[in-house]
2 protein chains.
Amino acid sequence: MSAKPLRQVKIADQVVGELQVWFRSGELTAGMRLPPERELAAQFGVSRTSLRDALRRLELLGYLDARQGDGTYVRVPDGDALSQPFRNLVNTLPHNAADLLEFRMLIEPEVAALAATRLTGEGRAALLGSLKRQRALPDNGPRLGHEDALFHDVLAQVAGNMVVLRVLETLRDLLRDVRTISLPAAGSRRTVSEHERIIQAVLAQDRDGARQAMREHLEDVTRTYQDAVWRRDHTDQLALQRPG
Amino acid sequence: MSAKPLRQVKIADQVVGELQVWFRSGELTAGMRLPPERELAAQFGVSRTSLRDALRRLELLGYLDARQGDGTYVRVPDGDALSQPFRNLVNTLPHNAADLLEFRMLIEPEVAALAATRLTGEGRAALLGSLKRQRALPDNGPRLGHEDALFHDVLAQVAGNMVVLRVLETLRDLLRDVRTISLPAAGSRRTVSEHERIIQAVLAQDRDGARQAMREHLEDVTRTYQDAVWRRDHTDQLALQRPG
DNA sequence: CCGGTCCAGTGGTCGGACCAATCGATCCCA
DNA sequence: TGGGATCGATTGGTCCGACCACTGGACCGG
């Protein structure tokens with residue numbers, strides 16, 4: 001006679017509910033360590049499987065942080081968790097390099113502009129450190145790609161929006177072909193000098209300058225990439241005709 | 001000596017990645033049933049535990065629907081499914097809502113600018129149709145939110161970038177509650193007139209004007225939202241002091 | 001042709017075992 | 001005595017095999 005459950009309530013769901021109640025009671029505050037899984041499972045009267053299921057969900061939503069060999073800690077969800085719908089979306093969508101590149105070109109100049117307005121002492125130090133490491137790089141060495149990614153990451157961090165930071169990371173990951181092709185073609189000297197221009201503008205808190213520098217940098221990367229691809233496709237044709 | 005892995009990569013994470021590859025290959029379409037868990041686990045060479053872990057994550061994000069006794073089905077996440085797990089997160093932690101609003105403010109002005117440069121006959125018709133419907137709306141009726149979402153969708157469609165379109169859609173879903181707060185506060189007249197200004201700029205293929213109009217519109221929305229929240233929180237305080 | 005029954009297959013739950021990472025106490029040596 | 005290496009207990013991560021709960025469809029009887 002009562003409402004029929006359209007969806008069988010899973011045990012993990014109930015546990016999630018109980019844990020949320022526990023959270024809201026204020027008894028659990030950020031940084032605290034939860035009891036061990038085996039203990040919690042016994043306490044709730046469920047198997048460790050179901051208990052873990054509940055914990056994983058809360059972890060995915062950013063409320064928990066499980067560390068192997070240590071414990072599970074309470075934390076307050078930040079943009080890291082919120083970025084997941086976007087990351088999954090981009091990862092699931094059919095890959096279209098043009099759309100992804102354009103998307104990045106929409107976002108990142110604004111990120112540079114934001115960074116210029118939100119520069120802190122830490123941010124200044126991080127940017128200078130990145131610049132120093134980039135300058136010390138050997139020409140076209142294998143670490144250029146890594147430092148390049150790191151630079152963009154630091155910049156997004158200075159901008160202070162975790163969601164945007166993670167989304168940009170995902171975009172870069174999906175566009176790694178672009179990087180491996182266009183970076184060597186551009187050469188580390190050119191890349192680093194373009195980065196330097198961006199950094200200088202941010203350090204000067206020149207909002208428009210930072211945006212413009214980043215825009216030109218990305219346009220340059222895109223152009224180099226397209227040229228390199230065009231050249232590769234055409235030399236491939238020639239290579240087939242040559243021995244070796 | 002090499003980079004230290006800050007986060008141990010879990011098996012379920014890898015499986016999620018492989019499933020995402022499968023998704024975007026187009027081989028899996030909505031409504032399809034996945035192979036049984038036992039079979040999939042064998043196929044990926046992992047235990048059923050880890051495989052289930054991956055499936056549960058994709059289920060939480062709205063990409064899968066598991067039915068006991070039947071099977072696990074592929075689905076395209078609608079706004080509800082996608083935003084529901086995260087809605088609490090947005091509503092209870094203002095910092096997260098701010099990140100999302102800022103993210104939107106980064107993207108959408110550029111989308112408006114893009115739309116202005118890529119306007120086609122179809123796009124013109126769609127925008128005019130949207131404007132007409134918006135004008136015919138009763139003041140603060142229930143359909144205002146719907147038409148508002150539709151307007152932004154049409155605009156992104158005119159801009160012609162599928163990735164950006166879907167990202168903005170997700171953003172709006174996550175911010176749904178924000179909209180229900182700020183829209184009535186602004187009133188439909190003001191909202192529609194701001195939309196109209198954007199549409200006019202796009203129709204005139206005025207790139208900078210469209211960007212600027214959208215930026216001001218979003219700033220207005222954000223300000224209205226913050227005011228409304230501030231007022232709500234403070235009237236809550238007063239309500240506590242009053243009887244009833 | 002209809003309705004009920006039964007059964008194979010599927011996701012959900014369980015318990016136990018072992019692996020792997022971490023922390024901290026302990027021990028050893030300079 | 002101080003510092004560093006070692007080892008063990010603890011904890012989350014993974015695997016396995018079994019069983020439960022539910023569903024859809026085949027089968028059967030009227």
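The figures here come from the full heavy-atom set of this structure, side chains too, leaving out hydrogens, waters and symmetry mates. Every chain is numbered from 1 and lettered A, B, ... according to where its sequence line falls, protein lines coming before strand lines.
- Going from atom CG of B:L55 over to atom C1' of C:dT13 covers 16 Å, rounded to whole Å.
- Which of C:dG12, C:dT22, D:dC15 sits closest to the side chain of B:V46 comes down to D:dC15.
- Taking atom CG on B:L58 and atom C1' on C:dG11, their separation rounds to 16 Å, with Å as the unit.
- No side-chain donor from either of B:R52 and B:S47 sits under 3.5 Å from a side-chain acceptor of the other.
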Candidate pair B:D173 and B:R87, rule salt bridge (Lys or Arg N to Asp or Glu O under 4.0 Å), full reasoning: CA-CA 9 Å; B:D173 286 330; B:R87 190 168 307 168; over 6 Å; no
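- Comparing atom distances between the A:R38 side chain and each of D:dT14, C:dG11, D:dG12 picks out D:dG12 as nearest.
- Projected onto DNA chain C by closest heavy-atom contact, B:T49 and B:L34 fall at different nucleotides, the more 5' of which corresponds to B:L34.
- In this structure, B:S47 does not reach the D:dT14 phosphate: none of its side-chain N or O atoms is under 4.0 Å from OP1 or OP2.
- The distance between atom CD of A:Q68 and atom C1' of D:dC15, rounded to the nearest whole Å, is 14 Å.
- As a whole-Å value, the separation of B:R67 CZ from D:dG24 P is 8 Å.
- Remark: the B:R56 side chain and the C:dG11 base include no donor-acceptor N/O pair separated by less than 3.5 Å.
- Regarding B:R48, its CZ atom lies at a distance of 14 Å from the C1' atom of C:dG15, rounded to whole Å.
- Distance A:E39 CD to C:dG15 P: 17 Å, rounded to the nearest Å.
- Remark: C1' of C:dG9 and CG of B:D70 are 10 Å apart, rounded to the nearest angstrom.
- A:R52 has a side-chain polar atom (N or O) that falls below the 4.0 Å cut-off from OP1 or OP2 of D:dG13.
- Among all heavy-atom pairs drawn from A:G145 and A:L183, the shortest one is CA-CD1, 3.7 Å.
- Mapping A:G69 and A:D53 onto DNA chain C by nearest heavy atom places A:D53 at the nucleotide closer to the 5' end.
- Here the C1' atom of nucleotide C:dC14 and the CZ atom of A:F44 are 18 Å apart, to the nearest Å.
- For A:Q226 and A:T222, the side-chain atoms include no donor-acceptor pair closer than 3.5 Å.
- Taking side-chain N and O atoms only, B:S50 has a distance below 4.0 Å to OP1 or OP2 of D:dC15.
- Each of C:dG11, D:dG13, D:dC15 was ranked by its minimum atom distance to the side chain of A:E37; first place goes to D:dG13.
- Among the nucleotides D:dC15, D:dC22, C:dT13, the one closest to the side chain of A:I11 is C:dT13.
- For the pair B:R75 and B:Y63, the NZ or CZ position fails the cation-pi test of under 6.0 Å to the six-membered ring centre and within 45 degrees of the ring normal.
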